[in-house]
Participant: 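First the structure, then my questions, so here it is.
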Amino acid sequence: MVHAHGRATIRDDERYVRGLVARLTRTHEAAQADPWKMTDSPKDYIDMMLKAIVGVEIEITRLTGKFKLSQNREARDILEAGEMLQKQGDELIGDSMVAFGTEKARQS
């Protein structure tokens with residue numbers, strides 16, 4: 001879990017919003033066989049849609065993160081979940097859960 005703290009700035013100028021939407025479109029359409037581009041639609045339609053979008057820019061000043069490794073569960077459940085994650089190739093979280101579950105079992 002991560003909480004982001006910062007200062008938000010409303011960015012509703014047309015140039016900023018158009019550039020943002022273009023970058024988002026390229027990113028999210030890239031995997032398509034025939035990616036849609038903003039120029040695929042009539043200019044007046046895109047202009048109208050862009051006027052309805054307000055850009056928000058957040059300058060992040062602080063991030064706070066925490067692990068949630070099923071700490072409210074029994075050690076056996078934590079170990080099983082961690083081992084399953086390891087088998088699926090998610091070793092970072094799997095290893096952390098196994099270590100946490102092992103320690104929790106030891107304390108019981």
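Numbers here are sequence positions counted from 1. None of the values given here were measured: they were computed from a predicted structure.
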Participant: Within a reach of under 6.0 Å around CG of D34, are more than 12 heavy atoms found that belong to other residues, nucleotides or ligands?
Facilitator: no
Participant: Looking only at heavy atoms, what is the nearest atom pair of L79 and V98, with distance?
Facilitator: CD2-O, 3.4 Å
Participant: Could you tell me whether the side chain of R23 reaches within less than 4.5 Å of the side chain of L20, counting heavy atoms only?
Facilitator: yes
Participant: In Å and rounded to the nearest 0.5 Å, what is the OG to CD distance from S108 to E103?
Facilitator: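 These two atoms lie 10.0 Å from each other.
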Participant: Assigning hydrophobic clusters by single linkage (Ile, Leu, Val, Met, Phe, Trp, Tyr; side-chain heavy-atom cutoff under 4.5 Å), is F100 placed with I93?
Facilitator: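 They do share one cluster, since a chain of ILVMFWY contacts under 4.5 Å joins F100 to I93.
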Participant: For G101 and A75, which heavy atoms make the closest approach, and how far apart are they?
Facilitator: O-CB, 3.6 Å
Participant: How many angstroms lie between NZ in K104 and OG1 in T102, if you round to the nearest 0.5 Å?
Facilitator: 12.5 Å
Participant: Report the C-alpha separation of R18 and M38 in whole Å, then their side-chain angles, then the decisive distance to 0.1 Å, and conclude whether the side-chain contact (heavy atoms from CB on, under 4.5 Å) test is met.
Facilitator: CA-CA 9 Å; R18 182 177 296 275; M38 289 174 62; 4.1 Å; yes
Participant: Which atom names give the shortest non-hydrogen contact between D40 and P35, and what distance separates them?
Facilitator: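 Scanning both residues completely, I find the closest heavy atoms to be OD2-O, 4.0 Å.
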Participant: About how many Å separate CE of M97 and CZ of R73, when rounded to the nearest 0.5 Å?
Facilitator: 9.5 Å
Participant: First locate atom CD1 of I10, then atom OH of Y16, and finally report the distance between them rounded to the nearest 0.5 Å.
Facilitator: 10.0 Å
Participant: Roughly how far, to the nearest 0.5 Å, is NZ of K37 from CD1 of I46?
Facilitator: 12.0 Å
Participant: Determine whether D95 and Q86 satisfy the following criterion, side-chain contact (heavy atoms from CB on, under 4.5 Å), listing intermediate values before the conclusion.
Facilitator: CA-CA 7 Å; D95 291 349; Q86 287 172 327; 2.6 Å; yes
Participant: If you measure from CZ on R62 to CD1 on I60, what distance do you get to the nearest 0.5 Å?
Facilitator: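 If we round to the nearest 0.5 Å, R62:CZ and I60:CD1 are 12.0 Å apart.
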Participant: Just wondering, more than 12 heavy atoms not from M49 lying within 6.0 Å of its CE?
Facilitator: yes
Participant: Could you walk me through whether T64 and V2 satisfy the side-chain contact (heavy atoms from CB on, under 4.5 Å) test, starting with their C-alpha distance in whole Å, then the side-chain angles of each, then the deciding distance to 0.1 Å, before giving a yes or no?
Facilitator: CA-CA 6 Å; T64 306; V2 175; over 6 Å; no
Participant: Step by step, work out the side-chain contact (heavy atoms from CB on, under 4.5 Å) result for Q88 and L85.
Facilitator: CA-CA 5 Å; Q88 294 174 350; L85 287 167; 4.1 Å; yes
Participant: Answer with yes or no whether the hydrophobic clustering places V56 together with I53; edges join I, L, V, M, F, W, Y residues whose side-chain heavy atoms lie under 4.5 Å apart.
Facilitator: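 Unlinked, V56 and I53 end up in two clusters.
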Participant: Is there a path from V17 to W36 through hydrophobic residues (I, L, V, M, F, W, Y) whose side chains come within less than 4.5 Å of each other?
Facilitator: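 Yes, V17 and W36 fall within the same hydrophobic cluster.
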Participant: Taking side chain as C-beta onward, heavy atoms only, is E59 less than 4.5 Å from T9?
Facilitator: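 No, too far: nothing below the 4.5 Å cut-off.
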